[in-house]
Amino acid sequence: FLYVPTTNLDMVEKYIGSDGAEPKLSKLNSLEWQKQKQKVRKSLEIIAKDLVELYAKRQLQKGYKFSSDTVWQKEFEEKFPYQETEGQLRAIEDIKKDMESSKPMDRILCGDVGYGKTEVALRACFKACMDSKQVAFLVPTTILAHQHYINFVERLKNYPITVEVLSRFKSESEQKKIIKNISNGTIDIIIGTHRLLSKDVKFKDLGLLIIDEEHKFGVEHKERIKKLKENVDVLTLTATPIPRTLNMAMLGIKDLSVIEEPPEDRFPIQTFVMEYNEKVIKEAILREIERGGQIFYLYNRVSDIENVVAKLNKLLDNQVNIAYAHGQMDEKILEEVLIDFMNGKYDVLVCTTIIESGVDIPTVNTLIVEDADRLGLAQLYQIRGRVGRSNKLAFAYLTFRKDKVLSEEAQKRLSAIKEFTELGSGFKIAMRDLEIRGAGSILGKVQHGHINSVGYDMYIRLLSEEIKKLKGEKVESEIVPTIDLMISAFIPPEYIEDHKERINMYKKISSINDKGDMEEIYDELIDRFSDIPIEVDNLIKIAYLKRLFQKIGVISLIQRGQNIKLQAI
């Protein structure tokens, strides 16, 4: 056993690496761990330098300064049929402030699946069009481009704003016409896939670039995006949670807006992890149809997707309208199937993971996944977010083959997705898998290896230190002060009975950084567990003292009998 004083629990942290990554263990008395940290530090020096330089360059650049909101803007926003959440309103305010500044905007808008990022983006588009500027809305998939196009046309139908979509769904002659209209300024908002990044696409007066899930674009596309970004306001949307720790580390370098609250009238998705059972599947489909809804049936193998349709037809006595869709289909046929499904012509859509990115059909409130054990946690979470996008209770059935022995990894993924059914769980799942993706999508995919080698928490701490150094701010000493006083400082089991809660509270107390943190802990303890015992009060004061000592360079405070010895660097 390795014993750690309760006042030093902030030195112990849960290892977070990407799914299935095995951490390499180092001996406590070896230099291996220090070398590993040094290696990560070196890579972070480069990243932090790039980030700080980019930020400084952006501060000096002059962009277009958008006008204040028009009467039309206010009218357009009032026509939004739902009540905005606090997070949406904050994000809208941040974006407008950026657009009205002469510095080019470069903001990331992060929000869980279905949290209303599109509406926020729409308002930014409208604002740009009010100043006769063009907008490019870049999305990773053809289906998502088409979906956004339908939404935009519907919301903007009463205004003189021309919206068009450019993707492989369009014929060659249609594409040529659209490209011509982009260059002569006839099109105000163009929504498109990577086709928008082709060299033949030239804008007359681009004012705003919106990128949905930038990490899903390839290296070449990202280079083209960089060129488009010059002197243009940029808004990046992501459903990959940006954890608070990463947010803090990037503070003042990346502009981040986070929507943390779900829209009103949304319910958690009822999630069932189970062996495939035809009776349950049949009941689930019929129950959804009975209440006027539709079903996504996810089967991720194109080769025999038609056999699945035949199997379902047989199971449902050919009484239900079933269609199928996958990425290898002819573009026109795929478009027709999706539009027909959106218009309610089919009850069930058997599909591959093409629905993962942003398909939003409020009438679809049941999801059935075959072989869910083959999908990653982040992917399962995104796919499950395709249902429950209205005020109806939604159901997700994540199935695996009967009598199949699941790998330990698959079991962990499925139990995690079942555990995190609450809205906004993307931010909790972040602690399992998506924190790595969050860091990766902002700092570059290469960083996954470095994060795995030292763990997420240590990685973010090192990144934060490198950024502080480059900005000329003081970095706290790595030396942890020793405080050894002849007083009792612990949390009695009778004060906090639950073992896990007690450990969590030790961690919170040992992570105190300033007086505000200390007061928050006092408030929480009194609120949750009543009056604070003297031992707990001592523990809190020692934790606060340790942080003060670290800031001023005191390395130990030791009491022996009546004598107290203080040692500083």
Side-chain angles (χ1 to χ4, degrees), residues 113-114 267-327 329 337-338 340-342 344-356 359-377 379-390 392-407 410-411 413-421:
V113 181
F267 301 104
I269 299 157
Q270 300 297 302
T271 305
F272 305 95
V273 175
M274 52 184 263
E275 279 190 348
Y276 192 87
N277 180 319
E278 285 195 340
K279 194 180 172 208
V280 174
I281 301 302
K282 184 177 180 176
E283 279 175 14
I285 291 171
L286 294 176
R287 186 179 59 230
E288 187 57 64
I289 292 168
E290 212 171 277
R291 62 173 186 164
Q294 292 171 290
I295 300 98
F296 277 139
Y297 188 103
L298 195 132
Y299 182 80
N300 205 28
R301 286 197 295 280
V302 173
S303 55
D304 53 348
I305 199 164
E306 290 180 47
N307 296 341
V308 175
V309 176
K311 176 183 78 174
L312 287 176
N313 271 322
K314 190 180 172 190
L315 178 68
L316 299 157
D317 306 318
N318 293 308
Q319 298 297 305
V320 171
N321 296 317
I322 302 172
Y324 68 90
H326 58 77
M329 287 169 78
V337 169
L338 288 168
D340 285 345
F341 183 65
M342 285 175 200
K345 192 175 171 183
Y346 301 108
D347 305 305
V348 180
L349 184 69
V350 178
C351 54
T352 57
T353 51
I354 56 165
I355 61 162
E356 182 188 345
V359 175
D360 184 2
I361 307 171
T363 50
V364 182
N365 282 303
T366 291
L367 166 74
I368 297 160
V369 182
E370 254 196 67
D371 297 329
D373 53 301
R374 288 166 171 257
L375 301 172
L377 178 59
Q379 205 174 22
L380 278 171
Y381 186 76
Q382 297 285 353
I383 287 162
R384 188 180 60 180
R386 298 303 119 222
V387 295
R389 300 173 79 87
S390 67
K392 275 188 179 177
L393 187 62
F395 300 90
Y397 299 85
L398 310 178
T399 74
F400 50 90
R401 248 176 279 160
K402 211 170 180 194
D403 304 322
K404 183 176 182 181
V405 179
L406 298 181
S407 68
Q411 279 178 352
R413 281 199 302 271
L414 291 173
S415 61
I417 197 88
K418 190 179 179 185
E419 182 187 336
F420 295 131
T421 57

>> With side chain to side chain contact (heavy atoms under 4.5 Å, CB included) as the criterion, how do Leu349 and Leu338 come out once you've worked through the C-alpha distance, each side chain's angles and the decisive distance to 0.1 Å?
In response: CA-CA 9 Å; Leu349 184 69; Leu338 288 168; 4.2 Å; yes
>> So if I apply the side chain to side chain contact (heavy atoms under 4.5 Å, CB included) rule between Leu298 and each of Leu398, Leu375, Thr352, which one comes out positive?
In response: Leu375
>> Against Glu288, only a single residue in Asn365, Val387, Leu367 fulfils side chain to side chain contact (heavy atoms under 4.5 Å, CB included); can you say which?
In response: Asn365
Once you round to the nearest 0.5 Å, how far does [atom1] of [X] lie from [atom2] of [Y]?
X      : Y      : atom1 : atom2 : value
Ile285 : Leu316 : CD1   : CG    : 5.0 Å
Leu414 : Asp373 : CG    : CG    : 6.5 Å
Ile355 : Tyr297 : CD1   : OH    : 13.0 Å
Asn307 : Lys311 : CG    : NZ    : 9.5 Å
Ile322 : Leu312 : CD1   : CG    : 5.0 Å

> Any side-chain heavy-atom pair from Thr399 and Asn277 closer than 4.5 angstrom?
Replying inline: no
>> With heavy-atom distances below 4.5 Å as the criterion, would you say the side chains of Arg386 and Val364 are in contact?
In response: no
>> If I compare all heavy atoms of Gly388 with all of Ile269, which pair ends up nearest, and what's the gap?
In response: CA-CG1, 4.5 Å
>> Ignoring hydrogens, what is the shortest heavy-atom contact between Val337 and Ala325? Give both atom names and the distance.
In response: CG1-CB, 4.3 Å
> Taking Phe296 as the fixed residue, which of Phe341, Phe395, Tyr346, Tyr397 is the one that meets the ring pair (Phe, Tyr, Trp, His ring centres under 6.0 Å) rule?
Replying inline: Phe341
> Does Asp340 reach the main-chain N or O of Lys345 with its side chain, forming a donor-acceptor pair under 3.5 Å?
Replying inline: no
> Does Lys392 reach the main-chain N or O of Arg291 with its side chain, forming a donor-acceptor pair under 3.5 Å?
Replying inline: yes
> Given Asn300 and Val369, is the side chain to side chain contact (heavy atoms under 4.5 Å, CB included) satisfied, shown in steps?
Replying inline: CA-CA 9 Å; Asn300 205 28; Val369 182; over 6 Å; no
>> Test side chain to side chain contact (heavy atoms under 4.5 Å, CB included) on Glu370 and Val350; report intermediate values, then the result.
In response: CA-CA 10 Å; Glu370 254 196 67; Val350 178; over 6 Å; no
> With sequence neighbours excluded, what pairs up with Glu275 under the side-chain contact (heavy atoms from CB on, under 4.5 Å) test?
Replying inline: Phe400, Lys402, Asp403
> If you look only at pairs with a residue in residues 295-309, which of them pass as a salt bridge (Lys or Arg N to Asp or Glu O under 4.0 Å), with sequence neighbours excluded?
Replying inline: Arg301-Asp371
>> Would you say that more than 12 heavy atoms from the other residues, nucleotides or ligands in this model lie under 6.0 Å from the NZ of Lys404, or not?
In response: yes
>> Checking side-chain hydrogen bond (donor to acceptor under 3.5 Å, both in side chains) between Gln294 and each of Asp347, Thr363, Asn321, which is the one that passes?
In response: Thr363
>> Evaluate His326 against Met329 for side chain to side chain contact (heavy atoms under 4.5 Å, CB included), listing each step before the verdict.
In response: CA-CA 6 Å; His326 58 77; Met329 287 169 78; 3.4 Å; yes
